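Naming: A, B, ... by sequence-line order, numbering from 1 per chain. All of these numbers come straight from a predicted model, not from anything done at the bench.
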Number of protein chains: 2
Amino acid sequence: MSFEHPDGDQIDLSAVLHALSDPQRRGIVAELAASEQPRPCGSYAPNITKSTRTHHFRVLRDAGLIEQWKEGTLKMSRLRRDDIDARFPGLLDSVLGSGVPVRS
Amino acid sequence: MSFEHPDGDQIDLSAVLHALSDPQRRGIVAELAASEQPRPCGSYAPNITKSTRTHHFRVLRDAGLIEQWKEGTLKMSRLRRDDIDARFPGLLDSVLGSGVPVRS
DNA sequence: AGGATGATACGACGATCATCGAACTTTGTG
DNA sequence: CACAAAGTTCGATGATCGTCGTATCATCCT
């Protein structure tokens, strides 16, 4: 099913840091971290094109930061906080600033 | 004087994450974090060319991760752990794995 | 003054990146 | 069935990246 989600124990730090180094993607991750229930891809980063959004979501998924699945027409996403926290403890919290707004 | 070290409070998260996303640079940062007293640039990452090394050190300095100064012919480097920790608490520790060897 | 050494500057190279638009696929609904 | 909506795929473009070699600069030592 779904796509190519890396196993939790083989998430690559370089890939994660690269994925998070883009402000647009970091914004998506921040929204993902803040939203209670899953929302479709299209509801994030409305300022960019559909194809660019698809690209960013793929980078995040390939890096192991998010999990994605389809629900009808929609594609839903979920932050793999557990896996990331297990592999790189504290990383996500420090990047997301412990809930503080994302800057730069 | 010296070069272009960003002020501690204007260190850019994107730049920091991008700088740390390269394994070679992460290796340098890990060595920097582990070494007691400052060593010249040339003593890090001996497997790459001088010019490449200069490039990596500039990326790290521009990102605000390290401070550099000259001592005669040598150029010394120091990890700006205090500034980074103040701006992004926990980030460096989680990336460096709390002293655990750098992987990926 | 003349070497020797540590580091930078300057292209240059292939690779990757973020972004876009247009065409296409998939799914649900009238 | 036909249409609309959500995503993907497929170039393409301009920018940036990591790496290199060579030339150059700065500093120390003899």
Output a table of nitrogen or oxygen pairs between the protein and nucleotides 5-7 of chain D separated by less than 3.5 Å.
residue	atom	partner	partner atom	Å
dG7(D)	OP1	Cys41(A)	N	3.2
dG7(D)	OP1	Lys75(A)	N	3.4
dG7(D)	OP2	Gly42(A)	N	3.1
dG7(D)	N7	Lys50(A)	NZ	2.9
dG7(D)	O6	Lys50(A)	NZ	2.8

Legend entry - Pairwise distance CG(Leu91(B)) to CG(Leu65(B)) - rounded to 0.5 angstrom: 8.5 Å
Legend entry - Common cluster, Val29(A)/Ile48(A), ILVMFWY with side-chain heavy-atom separation under 4.5 Å: no
Legend entry - Co-membership, hydrophobic cluster, residues Val95(B) and Ile84(A), 4.5 Å side-chain: yes
Legend entry - Distance, nearest 0.5 Å, that separates CG of Leu60(A) from CZ of Arg58(A): 11.0 Å
Would you tabulate the pairs of protein nitrogen or oxygen atoms and nucleotide nitrogen or oxygen atoms of nucleotides 10-16 of chain D closer than 3.5 angstrom?
none

Inset, instruction - Indicate whether the side chain of Ser77(A) and that of Arg61(A) have a donor and an acceptor atom separated by less than 3.5 Å. - result: no
Inset, instruction - First locate atom OG1 of Thr54(B), then atom NZ of Lys50(B), and finally report the distance between them rounded to the nearest 0.5 Å. - result: 8.0 Å
Legend entry - Residues within residues 55-67 of chain A bordering DNA chain D, heavy-atom distance below 4.0 Å: none
Inset, instruction - Using the heavy-atom set of chain B and a strict 4.0 Å cut-off, write down the first and last nucleotide of DNA chain C that makes it in, 5' to 3'. - result: dT5(C) to dA9(C)
Inset, instruction - Please round to the nearest 0.5 Å and tell me the distance separating atom CG of Asp83(B) and atom NE2 of His5(B). - result: 10.5 Å
Legend entry - Whole angstrom value for the distance that separates C1' of dC28(D) from NZ of Lys70(B): 11 Å
Legend entry - Between OG on residue Ser21(B) and CG on residue Asp22(A), distance to nearest 0.5 Å: 11.5 Å
Legend entry - With sequence neighbours excluded, residues passing side-chain contact (heavy atoms from CB on, under 4.5 Å) with Asp9(B): Asp7(B)
Inset, instruction - Using the ring of Tyr44(A) (Phe, Tyr or Trp, six-membered ring only), decide whether Arg53(A) places NZ or CZ under 6.0 Å from its centre and within 45 degrees of its axis. - result: no
Inset, instruction - State yes or no: do Ile11(A) and Leu32(A) share one hydrophobic cluster built from I, L, V, M, F, W and Y residues joined by side-chain heavy-atom distances below 4.5 Å, directly or via other members? - result: yes
Inset, instruction - Please name all residues satisfying side-chain contact (heavy atoms from CB on, under 4.5 Å) with Thr49(A), sequence neighbours left out, ordered by chain then number. - result: Ser51(A), Thr52(A)
